[in-house]
2 protein chains.
Amino acid sequence: MARGSTRPTSRDVAQAAGVSQAAVSLVLGDKWRGRVSEATAERVREAARDLGYRPNLAARNLRLGRTRTVLLVVPALTTEFFAGVYTGAARVAAEHGFGVVLYPSPEGIGPARDPFASAQAALDGVIASSMAADALTAIRGEALPLVMLDSDPAGSLGAATVNLDIADGVRQVVEHLLSLGHRRFLHLAADVPSWTFEVRARELAARLAGVPGTSVRTARAPISIEGAVAATEAALSVPGPRPTALVCDDDKLAAGAYKAARRLGLRIPDDVSVTGVDDLALATAIDPELTTVRLDAELFGERGMQALLAVLEGRSPEGGDIPVHLLVRGSTAPPA
Amino acid sequence: MARGSTRPTSRDVAQAAGVSQAAVSLVLGDKWRGRVSEATAERVREAARDLGYRPNLAARNLRLGRTRTVLLVVPALTTEFFAGVYTGAARVAAEHGFGVVLYPSPEGIGPARDPFASAQAALDGVIASSMAADALTAIRGEALPLVMLDSDPAGSLGAATVNLDIADGVRQVVEHLLSLGHRRFLHLAADVPSWTFEVRARELAARLAGVPGTSVRTARAPISIEGAVAATEAALSVPGPRPTALVCDDDKLAAGAYKAARRLGLRIPDDVSVTGVDDLALATAIDPELTTVRLDAELFGERGMQALLAVLEGRSPEGGDIPVHLLVRGSTAPPA
DNA sequence: GAGCCGACGTTATACGTAAAACCTAGGGCG
DNA sequence: CGCCCTAGGTTTTACGTATAACGTCGGCTC
């Protein structure tokens, strides 16, 4: 307790243990083998414990020129998907002595929309979802080591990318629905500018292009239940033969589609089949349970963090998309 | 570009502008009125812009002894409720030049379960949900300015608290159900050690204690759909007169109750009425839409941050619980 | 017995910033 | 004319840490 109520510093510990500040740093930094005697080391550790010493991170970060902290930039946290990504990333980070700070892309937070103004912390690197579009330009401006999640590998100039194999997910959905006998599709597309949604639209069109007698229309909605209800209701009300299969970019959109179908007096899956993507809790809460593409959010986060660690260590991150798989539930059946 | 590829420092800017480092600090810190001429100031700003200078936050934090960063500790981010809390807190923080770092309480992240190991950043204060129980002891050990969310005002030794008026929410639920004619209640309680859930149980019992002919049973479940299904199915299967009203601590639990009811062949609201708390997106996704107590998550976050700012400035935070209100939807009706 | 080496430390320095203390003209004022 | 004041800076210092560079002393080798 050098003076009053301020936090104890390594110098205070040194004084209490009767050694120099350098010795404290060596002992507590676990670099003392052959430099400090075991007895002295123990005295230092005891003094640190007694004083409740915690190193000043700002000072350490300044000294080392690195923070062992990375920023995870995600879109607004309105589903548990990115919670899973965080969990996976944080787990891998913790194993390597890193911390992860979360930045949910702003929805009217401050004028600057600048992740780095919010997370004042000094950072070693960034993992960013391509869905957090607003934040991306600020991120590039920082010139920090960067890993993009679900981003166009060709378009992400230099930045490493980790992607879900969503194209394969679409393939599984299409094959499932085709094998049930569906031919007229409605694509309920997320109205969000992200590569992953572009892939879904492109892949769906490509898969159906080869199959005679099929057709696909597109409706767009923001990722929210209300938005999906309106878009779906409109799309299902146009004249002509009604689509029998509704392929949604996301479980939330699918939930909206359920409500729209109910309003129109259509039954699921008898009158129309519905599929989603994500496998949120929502997917099994609604009735019938939703056939959806399960994404392993935690693995996604783990791989993202591993890629960033690789970049930080000058290694090149391992490639390979993350597999996804279709869960067939009650919302899909042969058309009437 | 003093040497190579490292980030430019204020000294680099000074050299480029032909002034001293101190002048740069004054100009960029907006403290130059009457100390530096407008022309020089402009030269400095231009040099900073050209070099892409961003101050080193570790150094600034060390120098100032404060970080203008606070930690928001929440339970695992599996609903959008805490996303709203974050948004509100971050908005108020941004208005005061603060940043908010999110720490979702761990679910197997690292051995230490220490929020401060994860958020390596140096912190000025903490806002913590009482639901993030695992993290609380570590937080108290840090002796940082602390605001607790939904925590017992009497039991939070010294720490400021900001609470939702959940007791009033329970009152509204009970009055609504009583007025519909319900007398036999089942309380589906969240199996989470938090003051807010204790209040719900206590208030429910207290409100019914005064009404003759009423009874209430309790079932406990973790906050997840599957857990709620099992608990509800068991509770509704015991012999004797079946409860007609199911009061759930949370919308997710209510969603589980829906599924349990369906499995037992019970219709909502004809055979059993159900209420929740939160008003998640889930509440309007399920059919019928859920009667629930709406919590204003963003306001909750705003008030939490305001309270923390008050503590940091030595003011005493303003009291008063945050009002909540019941949204009556299709899941409640008179008993058969 | 000179030289060297290992064990056990200490002293000194740098990281980049903010700001206190200090310097220097030139002009106004008595 | 001597003095102070103000504008417009500069020099210096401190924040707390990690670590490179430097001592010192006893014992061992040759």
Side-chain angles (χ1 to χ4, degrees), chain A residues 2-4 6-44 47-48 51-69 97 120-124, chain B residues 1-4 6-45 47-48 51-69 97 120-124:
Chain A
R3 47 175 187 281
T6 57
R7 272 174 53 157
T9 72
S10 61
R11 210 175 309 273
D12 296 328
V13 175
Q15 193 177 334
V19 297
S20 71
Q21 179 267 332
V24 172
S25 183
L26 288 172
V27 171
L28 268 35
D30 219 33
K31 298 210 156 68
W32 56 281
R33 283 157 283 241
R35 319 255 291 121
V36 177
S37 71
E38 173 54 44
T40 305
E42 185 48 35
R43 231 167 54 239
V44 168
L51 292 174
Y53 169 73
R54 321 263 342 217
N56 180 317
L57 293 173
R60 168 179 295 174
N61 291 340
L62 173 58
R63 175 67 234 251
L64 295 178
R66 95 200 115 97
T67 61
R68 294 189 167 274
T69 299
Q120 303 253 7
L123 301 169
D124 279 358
Chain B
M1 53 181 97
R3 50 170 184 283
T6 58
R7 272 174 54 158
T9 73
S10 60
R11 210 175 310 270
D12 297 328
V13 174
Q15 192 177 333
V19 297
S20 71
Q21 179 268 332
V24 173
S25 182
L26 288 171
V27 171
L28 267 36
D30 219 33
K31 299 216 155 67
W32 56 281
R33 285 157 282 241
R35 319 258 288 119
V36 177
S37 71
E38 173 54 43
T40 306
E42 185 49 35
R43 230 169 52 242
V44 168
R45 280 190 288 259
L51 292 174
Y53 170 72
R54 319 260 347 214
N56 179 316
L57 293 173
R60 169 179 292 176
N61 291 341
L62 174 59
R63 175 68 235 247
L64 295 178
R66 95 201 115 96
T67 60
R68 291 190 169 274
T69 299
Q120 302 253 7
L123 301 169
D124 279 359

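Atom set for the values below is all heavy atoms of this structure, side chains included, hydrogens, waters and symmetry mates excluded. Below, chain A is the first sequence line, B the second, and so on; all start at residue 1. Just so it is clear, the model here is predicted, and its values are computed rather than measured.
The CZ atom of B:Arg11 sits 12 Å away from the P atom of C:dA18 (whole-angstrom rounding). One interatomic measurement links the two molecules: CZ of A:Arg33 to P of D:dT19, which rounds to 13 Å at whole-angstrom precision. The distance from atom CG of A:Leu64 to atom P of C:dG16 is 12 Å, rounded to the nearest whole Å. Atom CG of B:Asn61 is separated from atom C1' of C:dA18 by 12 Å (rounded to the nearest Å). Atom-to-atom, CD of B:Gln15 to P of C:dT17 comes out at 14 Å; the value is rounded to the nearest Å. Rounded to whole angstrom, the span from the CG atom of A:Asn56 across to the C1' atom of C:dT17 amounts to 14 Å. Between the CH2 atom of B:Trp32 and the P atom of D:dT10 there is a distance of 15 Å, given to the nearest Å. Regarding A:Asp30, its CG atom lies at a distance of 16 Å from the C1' atom of D:dT17, rounded to whole Å.
Note that CG of A:Leu123 and OG1 of A:Thr69 are 7.0 Å apart. Values are rounded to the nearest 0.5 Å. In this structure, the separation between CD on A:Glu38 and CD on A:Glu42 is 6.5 Å, given to the nearest 0.5 Å. One finds the CZ atom of B:Arg63 at 16.0 Å from the CG atom of B:Leu57 (value rounded to the nearest 0.5 Å). Interatomic distance, B:Leu62 CG to A:Asn56 CG, rounded to the nearest 0.5 Å: 6.0 Å. Rounding to the nearest 0.5 Å gives a distance of 12.5 Å between CD of A:Gln15 and OG of A:Ser20. Taking OG of B:Ser25 as the start and CZ of B:Arg60 as the end, the distance is 8.0 Å to the nearest 0.5 Å.
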B/S/- along nucleotides 23-28 of chain C (protein heavy atoms under 4.0 Å) is ------
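Heavy atoms only, all atoms of each residue included: B:Thr40 and B:Val19 are closest at CG2-CG1, 3.6 Å. Nearest heavy atoms, A:Ala41 versus A:Val36: N-CG1, 3.9 Å.
The residue A:Ser25 sits close to a base: some heavy atom pair falls under 4.0 Å. B:Leu62 comes within 4.0 angstrom of a nucleotide base, judged by non-hydrogen atoms across all strands.
The phosphate of C:dA18 (OP1 or OP2) has a side-chain N or O of B:Arg60 nearer than 4.0 angstrom. Within the structure, every side-chain polar atom (N or O) of B:Lys31 is placed at least 4.0 Å from both OP1 and OP2 of C:dA18.
Contact check for A:Tyr53 versus A:Leu28: side-chain heavy atoms found under the 4.5 Å cut-off.
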Nucleotide N/O to protein N/O under 3.5 Å, stretch nucleotides 9-12 of chain C:
unit_1 : atom_1 : unit_2  : atom_2 : d
C:dG9  : OP1    : A:Thr40 : OG1    : 3.4
C:dG9  : OP2    : A:Ser37 : N      : 2.9
C:dG9  : OP2    : A:Ser37 : OG     : 2.7
C:dG9  : OP2    : A:Thr40 : OG1    : 2.8
C:dG9  : O6     : A:Arg35 : NH1    : 2.8
C:dT10 : OP1    : A:Ser20 : N      : 3.4
C:dT10 : OP2    : A:Ser20 : N      : 3.0
C:dT10 : OP2    : A:Ser20 : OG     : 2.6

